[in-house]
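Hydrogens, waters and symmetry mates play no part in the numbers below; they use all other heavy atoms, side chains included. Protein chains get the first letters and strands the later ones, always in sequence-line order, with residue 1 at the start of each.
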Protein chains: 2
Amino acid sequence: MEERTPRRPRIADVAREAGVSKTAVSFAFNSPDRLAPETASRIRDVAVSLGYRPHPVARMLTQRRTMTIGVLTPQALAVIFSNPFFGAFFEGVALAAEAEGYALHFISPLRGSLARAMDHATVDGVVAVGLSARHPEVEQIRAAGVPLVMVDSSALPDQPTVDIDDEGGARAAAQHLIAMGHTDLLIVGVEPPFPGTAAQLEPDGVMGRRLRGYRAAALAAGIEIVPASFVVAPASIDGGMAAFRRAWTSGLRPTGVLAMSDAIAVGVLRAARDEGLRVPEDISVVGFDDLDLSQFTDPPLTTVHQPIRLKGESAVRLLMSVVERRDPFPQQVRLETRLVIRGSSGPAPQRRQEVARVRR
Amino acid sequence: MEERTPRRPRIADVAREAGVSKTAVSFAFNSPDRLAPETASRIRDVAVSLGYRPHPVARMLTQRRTMTIGVLTPQALAVIFSNPFFGAFFEGVALAAEAEGYALHFISPLRGSLARAMDHATVDGVVAVGLSARHPEVEQIRAAGVPLVMVDSSALPDQPTVDIDDEGGARAAAQHLIAMGHTDLLIVGVEPPFPGTAAQLEPDGVMGRRLRGYRAAALAAGIEIVPASFVVAPASIDGGMAAFRRAWTSGLRPTGVLAMSDAIAVGVLRAARDEGLRVPEDISVVGFDDLDLSQFTDPPLTTVHQPIRLKGESAVRLLMSVVERRDPFPQQVRLETRLVIRGSSGPAPQRRQEVARVRR
DNA sequence: CCGGTTTAGCAAACCGGTTTAGCGCAGATT
DNA sequence: AATCTGCGCTAAACCGGTTTGCTAAACCGG
């Protein structure tokens with residue numbers, strides 16, 4: 001027969017059963033050296049027999065640390081997890097967090113409010129990814145005194161950040177196409193998650209920086225990027241397909257496509273093929289990210305590589321330096337990008353009509 | 001000039017500043033109707049001016065709920081996040097959790113110990129995925145009184161579980177190949193994450209059930225599955241490539257491959273092509289899972305569809321029914337699978353030599 | 001045998017909230 | 001005038017641990 005109230009045993013229960021004080025029980029778990037060896041082991045035996053485990057929340061309260069780091073995303077988690085980019089990023093985050101003995105807690109808008117979600121989150125620090133510096137939550141988090149590292153957002157002085165050389169990578173991508181004779185370029189950007197802000201791309205944001213890189217290369221070659229040839233799409237294969245189809249239907253006939261994400265690039269690849277275009281003979285496509293799967297597409301995707309896992313690792317390490325050592329110098333980490341040339345890009349078709357002709 | 005000690009304001013600070021009791025402050029936040037409207041709003045004003053936010057850990061302690069659900073995986077998170085299957089699964093989990101207002105906390109082995117990680121996790125319930133029922137942690141969690149839903153594990157009576165019709169799906173896959181004349185089949189299973197347990201596949205586990213399905217179809221057609229034609233590989237593209245290469249090098253010449261995961265199937269696809277085989281003319285490949293990307297492979301992958309997102313959603317909903325309503329009936333949810341025929345499978349080659357000849 | 005240092009363990013304060021029981025008072029009821 | 005009711009608020013207990021400050025006994029060299 002069990003007790004009729006299978007209440008979770010508390011430290012006081014163990015203390016009573018073992019005939020010692022609560023303090024002694026606490027010591028038995030946390031600093032056994034402050035107890036006689038046999039007392040400590042007796043207490044532990046009693047604890048085991050009672051099925052006692054220190055209540056993690058109570059422990060957090062007194063120790064003022066949760067051994068958890070928060071991963072904050074302005075989008076709903078459901079859309080995040082379906083994105084391979086985040087998969088790789090979280091891989092890096094998890095690797096570094098596990099190495100430090102920290103668990104991961106995901107913070108995403110709770111009933112529409114990121115602020116509310118933050119209020120409920122019990123974390124020692126936060127890695128925010130894709131959160132614009134203008135987002136009001138940034139101030140809230142800083143005011144709350146929670147260490148924060150921002151990834152892929154417009155740089156805020158005085159704030160630890162991790163990002164990559166977006167502009168340089170984009171420039172390399174555009175130069176690559178231009179060097180092969182492409183002059184008619186279509187740029188496909190990533191649509192910001194919030195419809196309201198879609199109109200104005202933050203110039204300091206990731207997409208703004210990439211756009212600047214594309215433009216710089218075009219400008220240097222005397223190529224004009226007309227507004228019509230810059231479109232945006234959700235960062236997904238479907239999004240890329242739809243964007244290319246819209247551009248094609250509206251009469252655009254690019255020989256080269258610069259996509260700001262691999263998922264979009266893969267969608268463009270497929271949509272182009274659906275239109276009867278050969279890749280790379282009729283049209284070249286260059287992505288951005290270099291996801292794992294990008295080497296397995298058909299043809300393999302030419303893209304700008306960024307060290308996604310490393311980005312996650314760096315963010316956590318930077319956060320740890322703030323959390324644990326209360327490092328007073330906020331650091332800004334910028335990682336390298338590099339162009340990876342595979343099969344989806346090639347010389348521009350010789351005569352312009354060739355491309356037009358294949359249209360069904 | 002700020003105060004020299006920017007300590008986080010506590011409820012007592014607000015109470016003093018507003019000239020009321022702690023209780024009143026608590027009421028102002030949690031049950032304003034118990035206060036005169038003007039008192040409540042005055043307290044809130046003071047709280048805002050002080051930058052006060054209720055400490056989430058303290059709140060958890062008294063309310064005895066964390067509004068967080070734990071997602072437990074026996075593997076390290078870093079390996080989980082790189083796997084598209086889990087991406088889709090978490091998508092479903094996140095969707096349902098967010099709808100209920102719960103946040104997500106990932107529980108994975110902490111310094112090698114799942115038990116330790118559980119001890120530190122502050123969650124109201126746990127969704128465990130791929131955790132064998134034999135795992136000692138299962139008992140620990142149940143003993144701790146934390147509601148638990150197990151996904152894709154060998155069913156434990158008296159325990160809420162979510163799984164799919166693995167056996168039926170596998171049978172359909174094998175029947176499909178057999179109906180098209182395939183008799184030389186290679187089965188590639190998923191390697192259990194822990195090397196030690198690799199040898200004995202749990203017969204009740206997911207892989208055991210799928211194997212049973214394949215076998216049942218073969219048996220019904222009078223086809224023998226020799227032990228040599230059952231191999232295992234890590235659930236990744238590379239794993240699938242390596243497994244197929246090993247099988248091929250060891251002299252196996254299957255015309256049909258049954259892979260227990262799409263990632264493995266994609267790897268097999270590529271490795272087969274590298275050997276100079278045409279898919280599906282020379283060799284057919286059938287996967288399992290129907291990941292999003294499987295419709296975009298070349299050729300598109302024939303595979304057993306399972307509702308991965310729904311699986312995640314169902315697990316959380318089942319968990320919620322236990323957490324919130326203390327539902328006394330543990331339910332077992334079993335979801336359907338179905339074969340999706342795409343381009344990677346076709347009739348077996350007519351003459352056996354055809355396949356042998358193409359070898360380089 | 002004595003003062004000084006360890007050692008082993010305890011009581012109480014504390015972490016920062018929520019919740020219960022109850023009090024004083026105004027207005028309504030008898 | 002006495003009792004009742006309900007409002008607005010408070011003091012104190014509580015959630016379940018950790019940590020501080022202290023004491024009594026054991027140990028130690030001289």
Short side-chain N/O contact to dT18(C) OP1/OP2 from Thr23(B), under 4.0 Å: no
Nearest-angstrom distance from the residue atom CG of Leu61(A) to C1' of dC14(C): 9 Å
In the structure shown, which nucleotide is the Watson-Crick or G-U wobble counterpart of dT29(C), with both distances under 3.5 Å? dA2(D)
Could you tell me the separation between the CG atom of Asp33(B) and the P atom of dC9(D), rounded to a whole number of Å? 12 Å
Using a distance-only criterion (donor-acceptor N/O pair, under 3.5 Å, no hydrogens), is the base of dT19(D) paired with the side chain of Thr62(A)? no
Whether Thr62(A) side chain and Arg59(A) backbone form a donor-acceptor pair below 3.5 Å: yes
Note: for Ala36(B) and Ile11(A) on DNA chain D, the residue whose nearest nucleotide lies more 5' is Ala36(B)
What does Val57(B) touch in the nucleic acid at a heavy-atom separation under 4.0 angstrom: a base, only the sugar-phosphate, or nothing? nothing
Euclidean distance, atom CG of residue Asn30(A) to atom P of dG9(C) [Å, nearest integer]: 16 Å
Given atom NZ of Lys22(A) and atom P of dC14(D), what is their separation to the nearest angstrom? 12 Å
With no hydrogens and no angle check, is any side-chain donor or acceptor of Asp124(B) less than 3.5 Å from a backbone partner on Ile69(B)? no
Output yes when a side-chain donor or acceptor of Glu313(A) lies under 3.5 Å from a complementary backbone atom of Leu95(A), and no otherwise. no
Would you mind pulling out the nucleotide paired to dC28(D), Watson-Crick or G-U wobble, both distances under 3.5 Å? dG3(C)
Considering just the side-chain nitrogens and oxygens of Tyr52(A), establish if one lies under 4.0 Å of OP1 or OP2 belonging to dG16(D). no
Verify, without hydrogens or angle tests, whether Arg42(B) (side chain) and Ala18(B) (backbone) share a donor-acceptor contact under 3.5 angstrom. yes
Measuring to OP1 and OP2 of dG16(C), would you say a side-chain N or O of Arg10(B) lies under 4.0 angstrom away? yes
